[in-house]
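A, B, ... follow the sequence lines: proteins, then strands. Residue 1 opens every chain.
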Number of protein chains: 2
Amino acid sequence: MGNTVSIKDIARKFKCAPSTISRALNDHPMINIDTRKTIQEYANKVGYQKNTISLSLLNKRSKTLGVIIPSISHYHETAIIEGLEAILQPAGYLLNICVTNESQVLEKEYLDRLVANRVDAICISLSQETFDHSLNEHIDLAISRSLPIIFMDRFYHALDVDRVITDDFKGAFMATEHLVQMGCQRIAHLHGPRGITVSQQRFMGYEACLKKYGREVEDELVKQVMFSPESAVEATKNLLDQKAKPDGIFAVNDEVGFGAMKVIQERNYKIPEDIALVGFDDIPLAAFAPIALSSVSRQSKKIGEKSAKLFLSKMNGIFDHQQVTLEPELIVRSSSQRNHFSKI
Amino acid sequence: MGNTVSIKDIARKFKCAPSTISRALNDHPMINIDTRKTIQEYANKVGYQKNTISLSLLNKRSKTLGVIIPSISHYHETAIIEGLEAILQPAGYLLNICVTNESQVLEKEYLDRLVANRVDAICISLSQETFDHSLNEHIDLAISRSLPIIFMDRFYHALDVDRVITDDFKGAFMATEHLVQMGCQRIAHLHGPRGITVSQQRFMGYEACLKKYGREVEDELVKQVMFSPESAVEATKNLLDQKAKPDGIFAVNDEVGFGAMKVIQERNYKIPEDIALVGFDDIPLAAFAPIALSSVSRQSKKIGEKSAKLFLSKMNGIFDHQQVTLEPELIVRSSSQRNHFSKI
DNA sequence: AAAAATTACGCAAACGTTTGCAATTGAACT
DNA sequence: AGTTCAATTGCAAACGTTTGCGTAATTTTT
């Protein structure tokens with residue numbers, strides 16, 4: 001900190017102008033080849049490290065991407081980060097990662113801070129609160145100062161924005177349809193937290209599929225949970241306590257699927273014979289659930305990669321908005337694979 | 001980007017000096033109260049946002065912490081980040097998170113970039129390669145320029161450094177001792193990747209405990225795996241294929257525990273009666289394993305919190321080095337809880 | 001009424017780097 | 001010897017903000 005050496009310091013040493021040092025260090029042909037080498041060697045010796053901050057000030061480019069996510073405790077989010085990093089590291093960028101815990105206040109606070117730090121763009125997955133109460137002046141404000149904002153996972157009301165999402169509706173539809181095809185007659189849904197796009201989309205996919213097969217959504221077959229296995233326990237017990245039990249369950253994510261599975265097994269129902277189960281996200285442990293858990297992959301890492309590429313294209317002056325939708329993929333495992341198909 | 005308004009812009013508008021605007025915006029009493037209000041209102045209206053970059057340049061403080069981790073795909077790492085963020089967000093800091101994938105080259109690259117960006121300090125969990133080959137000139141270099149570096153999880157050869165770790169040795173000892181007390185006679189260990197401190201420490205704890213109870217480490221009871229459930233499958237099969245099977249397994253982490261459990265159940269051994277199993281990390285899904293998985297909590301979130309506090313104390317001028325060691329906690333669940341104790 | 005004190009603001013340097021342009025030097029050409 | 005040209009290097013401004021010090025205007029004190 002105290003002993004950082006700057007270009008000016010080197011200039012003093014060589015009794016020349018800072019500009020000469022700068023050019024020498026950047027291998028500018030304008031500078032005599034020998035002087036260049038001498039200066040470079042000296043700079044190397046004293047451990048000179050370019051100060052990027054001054055450059056950012058000059059170029060109005062910080063080579064940093066702001067990332068705002070509601071949580072970081074699930075596979076999905078870490079995979080997104082891995083995807084971002086895979087593309088952005090080779091491109092010389094750094095990531096400023098901010099976790100909002102679904103709080104709009106924190107989101108606003110972080111957004112301000114990122115703007116103040118002049119990040120080149122922001123990849124954001126909106127907080128639940130922002131969504132619930134449409135508290136998005138801070139987002140609009142950021143957009144209005146033409147800072148590139150890329151929305152991940154969660155929709156934003158505005159039309160002409162950049163966005164990378166997976167088709168959760170479709171994924172849910174596929175999961176439900178798979179249960180139908182496995183012969184399930186009463187398919188329950190463990191519904192995610194209210195107000196979150198992901199929850200809504202998955203419910204709608206579930207609903208649409210039932211409708212396709214001439215069924216109705218029965219309220220007592222839809223229970224709301226958080227994204228944790230613990231929260232699924234109570235809800236699943238409720239489901240199994242009913243006179244007409246479900247014979248198939250579509251869980252809003254794999255953690256919830258784990259929770260549901262626990263309860264089902266404790267009650268001594270067979271999976272998938274009595275109750276078939278499908279989750280969402282295809283977490284690495286899904287295959288190692290008590291009964292290997294069928295799931296829908298939402299291509300989490302690819303979301304990060306696509307977002308990063310979209311960001312890079314913006315940095316290269318492509319300013320028209322893009323909306324990328326990734327296809328979900330159904331992974332069938334033992335928790336839903338029935339060998340004897342029932343008629344529908 | 002183009003339409004960002006600066007203090008100079010505002011100064012032009014009011015036909016006054018930038019210094020006046022600066023003071024007005026910072027509510028400096030030197031400036032007339034009315035002028036202050038007028039300027040503040042105007043700044044607000046046109047959406048003025050302080051440029052922190054110029055401040056960083058001036059103050060030689062970026063209000064940013066660099067974080068370098070080998071991976072981000074496990075609970076442990078995300079919990080650390082949560083801990084860091086919990087303390088550092090209220091303090092006004094941002095996190096620059098870099099994932100090295102255990103590569104020394106990437107680690108060096110990221111370290112350089114963070115230094116160039118003049119982060120106020122770096123929290124680092126060393127990469128496996130750095131460790132394996134003692135390729136740590138880059139670390140020493142960073143230390144020599146008196147940039148505060150806080151080591152997490154993995155030891156560093158130098159003595160006078162800052163460090164926050166959990167006592168993995170002790171945790172492994174506790175896990176093994178628990179298995180002994182549950183009556184296990186042949187305790188196997190699924191050993192983590194070579195060269196990683198965490199693997200070594202846990203093996204040593206296992207070894208020390210066996211020694212305490214007058215047993216020897218049997219080579220055929222120690223199998224090496226990666227940190228994934230997949231990699232545990234083959235290793236566990238090897239263990240079970242032996243004439244003298246183990247009746248207890250200490251897995252280097254919970255994911256490996258999941259993998260082992262899968263194999264054990266496929267072979268129709270009872271857990272914990274035939275084989276008792278203990279993991280490490282206490283991931284959120286541990287309780288929802290096929291048989292609720294006993295585990296050792298390494299206080300991951302607390303590592304982040306402690307590191308953050310250590311960092312803050314450094315920012316406040318406390319420059320003597322600190323070494324924090326957190327106590328692991330054994331969480332006993334069904335996978336190892338035997339009701340009928342065997343004699344040892 | 002003169003001196004002192006107070007109030008309110010401007011000037012300029014500083015942080016570290018880049019870059020267009022001017023300036024200097026020496027060599028080559030007429 | 002005078003002119004032109006190329007090869008090097010220096011100057012100064014710029015990015016946005018803060019801050020010590022100077023200064024002008026106004027008020028208070030003697």
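- When the nearest nucleotides of DNA chain C are assigned to B:Leu57 and B:Cys16 by heavy-atom distance, the more 5′-ward of the two goes with B:Cys16.
- Between B:Glu41 and B:Lys45 no salt bridge is recorded (no basic side-chain N to carboxylate O distance below 4.0 Å).
- When rounded to the nearest whole Å, the span between NZ of B:Lys50 and C1' of D:dT18 equals 9 Å.
- An OP1 or OP2 oxygen of C:dC9 is reached within less than 4.0 angstrom by a side-chain nitrogen or oxygen of B:Thr35.
- The phosphate of D:dA14 has neither OP1 nor OP2 within less than 4.0 Å of any side-chain N or O from A:Lys60.
- Applying the 3.5 Å distance criterion, the base of D:dG10 shares a donor-acceptor pair with the side chain of A:Arg23.
- Here CD1 of B:Ile196 is found 4.0 Å from CD of B:Gln128. Values are rounded to the nearest 0.5 Å.
- OP1 or OP2 of D:dT18 sits under 4.0 Å from a side-chain N or O of B:Asn26.
- Atom C1' of nucleotide C:dT19 and atom CD1 of A:Ile7 are separated by 12 Å, given to the nearest angstrom.
- Between B:Ile53 atom CD1 and C:dG16 atom P there is a gap of 15 Å when expressed in whole angstrom units.
- OP1 or OP2 of D:dC15 lies within a sub-4.0 Å distance of a side-chain N or O belonging to B:Lys8.
- The phosphate of C:dT17 (OP1 or OP2) has no side-chain N or O of A:Asn51 nearer than 4.0 angstrom.
- Residue B:Lys15 places none of its side-chain N or O atoms closer than 4.0 Å to OP1 or OP2 of C:dG10.
- Under a 4.0 Å N-O distance rule, the pair B:Lys314/B:Asp120 does not qualify as a salt bridge.
- Rounded to whole Å, the distance from CE on B:Met30 to C1' on D:dT18 is 12 Å.
- When the side-chain nitrogen and oxygen atoms of B:Ser54 are compared with OP1 and OP2 of D:dC15, none of them lie within a distance under 4.0 Å.
- Between the P atom of C:dC15 and the NZ atom of B:Lys63 lies a distance of 22 Å, rounded to the nearest Å.
- Ion pair A:Glu109/A:Arg113 flagged as a salt bridge, since at least one NZ, NE, NH1 or NH2 atom sits closer than 4.0 Å to an Asp/Glu carboxylate oxygen.
- For the pair A:Asp27 CG and C:dT18 C1', the interatomic distance rounds to 16 Å; values are reported in whole Å.
- Residue contacts shown for A:Leu58 include a base, since a base heavy atom lies under 4.0 Å away.
- Below 30°, between 30° and 60°, or above 60°: for A:Phe151 and A:Tyr156 the angle between ring planes is below 30°, a parallel geometry.
- Across all strands shown, B:Ser56 has no heavy atoms under 4.0 Å from either base or sugar-phosphate atoms.
- A:Tyr48 comes within 4.0 angstrom of the backbone, heavy atoms only, and of no base.
- Using a 4.0 Å heavy-atom distance criterion, A:Ser19 is classed as a base contact.
- Here the C1' atom of nucleotide C:dG16 and the CG atom of B:Asn117 are 14 Å apart, to the nearest Å.
- Taking atom CD1 of A:Ile31 as the reference point, atom P of D:dT8 lies 9 Å away to the nearest angstrom.
- Among the protein residues, B:Asn59 comes within range of no part of the nucleic acid, since none of its heavy atoms lies under 4.0 Å from any strand.
- Here the CD1 atom belonging to A:Ile303 is positioned 13.5 Å from the CD atom belonging to A:Glu82, to the nearest 0.5 angstrom.
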